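To start, the structure itself, in structure tokens.
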Amino acid sequence: MFELVVNGAFEAAHRLVDYPGKCNRLHGHSWTVELSVVGNKLNKIGMVADFKTLKALLMEVLDKMDHQYLNELPQFKEVNPTAENLAQYIYHTLKQNEILAENVKLNYVKVWESPKSAVIYREDD
């Protein structure tokens, strides 16, 4: 089994509604997102998937959140844009892409909201 990992990043502001502390106020992060896929079949040139394609898929999702106030986006109108909810949203959005159903399986999405704090979202089989 092979595991491929690519990273992307975006800048965005949010606030955590009802949070009992500073994060209840508007603030921003330089978010880093890690995408992991797994597969065991190599194509004719010896790749499970093209890193370039995986990065493009990830950035397609992240670009829609870049330089946004996350609380105002439709996907976060009803839920706080926590790192957990971002990871789950990104995972589910990527899972809908046909390319990730061909030769690879989406393994996890890891969202870093700071250099020292991250969350991983994956689904059990």
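Please read these numbers as outputs of a predicted model, since none were measured by experiment.
Taking 4.5 Å as the limit, some side-chain heavy atom of N24 sits within range of a side-chain heavy atom of R15. Within the 4.5 Å cutoff, the side chain of E34 has heavy atoms near those of the Y108 side chain. Annotation: side chain of Y121 is not in contact with side chain of V111 (no heavy-atom distance under 4.5 Å). Contact check for V48 versus L42: side-chain heavy atoms found under the 4.5 Å cut-off. Side-chain contact check for L35 versus L94: some heavy-atom pair is nearer than 4.5 Å. When side chains are defined from C-beta on, V61 counts as touching Y89, because their heavy atoms get closer than 4.5 Å. By the 4.5 Å heavy-atom criterion applied to side chains, L86 and E113 are not counted as neighbours. Two residues are said to be in side-chain contact when any heavy atoms from C-beta on lie closer than 4.5 Å; I90 and L58 meet this criterion.
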Could you check V37 against L106 for side-chain contact (heavy atoms from CB on, under 4.5 Å), going step by step and ending with a plain yes or no? CA-CA 5 Å; V37 299; L106 188 52; 4.3 Å; yes
Given Y19 and T82, is the side-chain contact (heavy atoms from CB on, under 4.5 Å) satisfied, shown in steps? CA-CA 11 Å; Y19 182 82; T82 60; over 6 Å; no
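Annotation: the span from N80 atom CG to D18 atom CG amounts to 7.0 Å, rounded to 0.5 Å. Rounding to the nearest 0.5 Å gives a distance of 5.5 Å between CG of L70 and CZ of F10. For the atom pair H92 NE2 and Q88 CD, the distance stands at 5.0 Å (nearest 0.5 Å). To the nearest 0.5 Å, atom CD of residue E60 and atom OG1 of residue T93 are 10.0 Å apart.
Cluster membership for L54 and M47, using ILVMFWY side-chain heavy atoms within less than 4.5 angstrom, is not shared. V119 and L16 are assigned to two separate hydrophobic clusters, defined by single-linkage of ILVMFWY side chains at heavy-atom distances under 4.5 Å. When hydrophobic clusters are built by joining Ile, Leu, Val, Met, Phe, Trp and Tyr residues whose side-chain heavy atoms come closer than 4.5 Å, directly or via intermediates, L57 is grouped together with M59.
Nearest heavy atom pair, residue Y91 against residue N107, reads CE1-O, 4.0 Å. Considering every non-hydrogen atom in both A118 and K110, the closest pair reads CB-CE, 3.9 Å. What you find for G8 and L62 is that their closest heavy atoms are C-CD1, 3.8 Å. V38 and M1 make their closest contact through CB-SD, 3.8 Å (heavy atoms, listed as atom of the first residue, atom of the second, distance). Heavy atoms only, all atoms of each residue included: A12 and W31 are closest at O-NE1, 3.4 Å. Counting all heavy atoms, side chain and backbone alike, A49 lies closest to V104 at CB-CG1, 3.9 Å.
Side-chain N or O atoms of N103 include one that pairs as donor or acceptor with a backbone N or O of K41 at under 3.5 Å. A donor-acceptor distance shorter than 3.5 angstrom exists from the side chain of H27 to the backbone of R25, with no hydrogens or angles considered.
Applying the side-chain contact (heavy atoms from CB on, under 4.5 Å) test between E11 and each of Q68, M65, H29, H67 identifies H67 as the sole match.
Residues that satisfy the salt bridge (charged side-chain N to carboxylate O under 4.0 Å, His left out) test with K55, not counting sequence neighbours, are absent from this structure.
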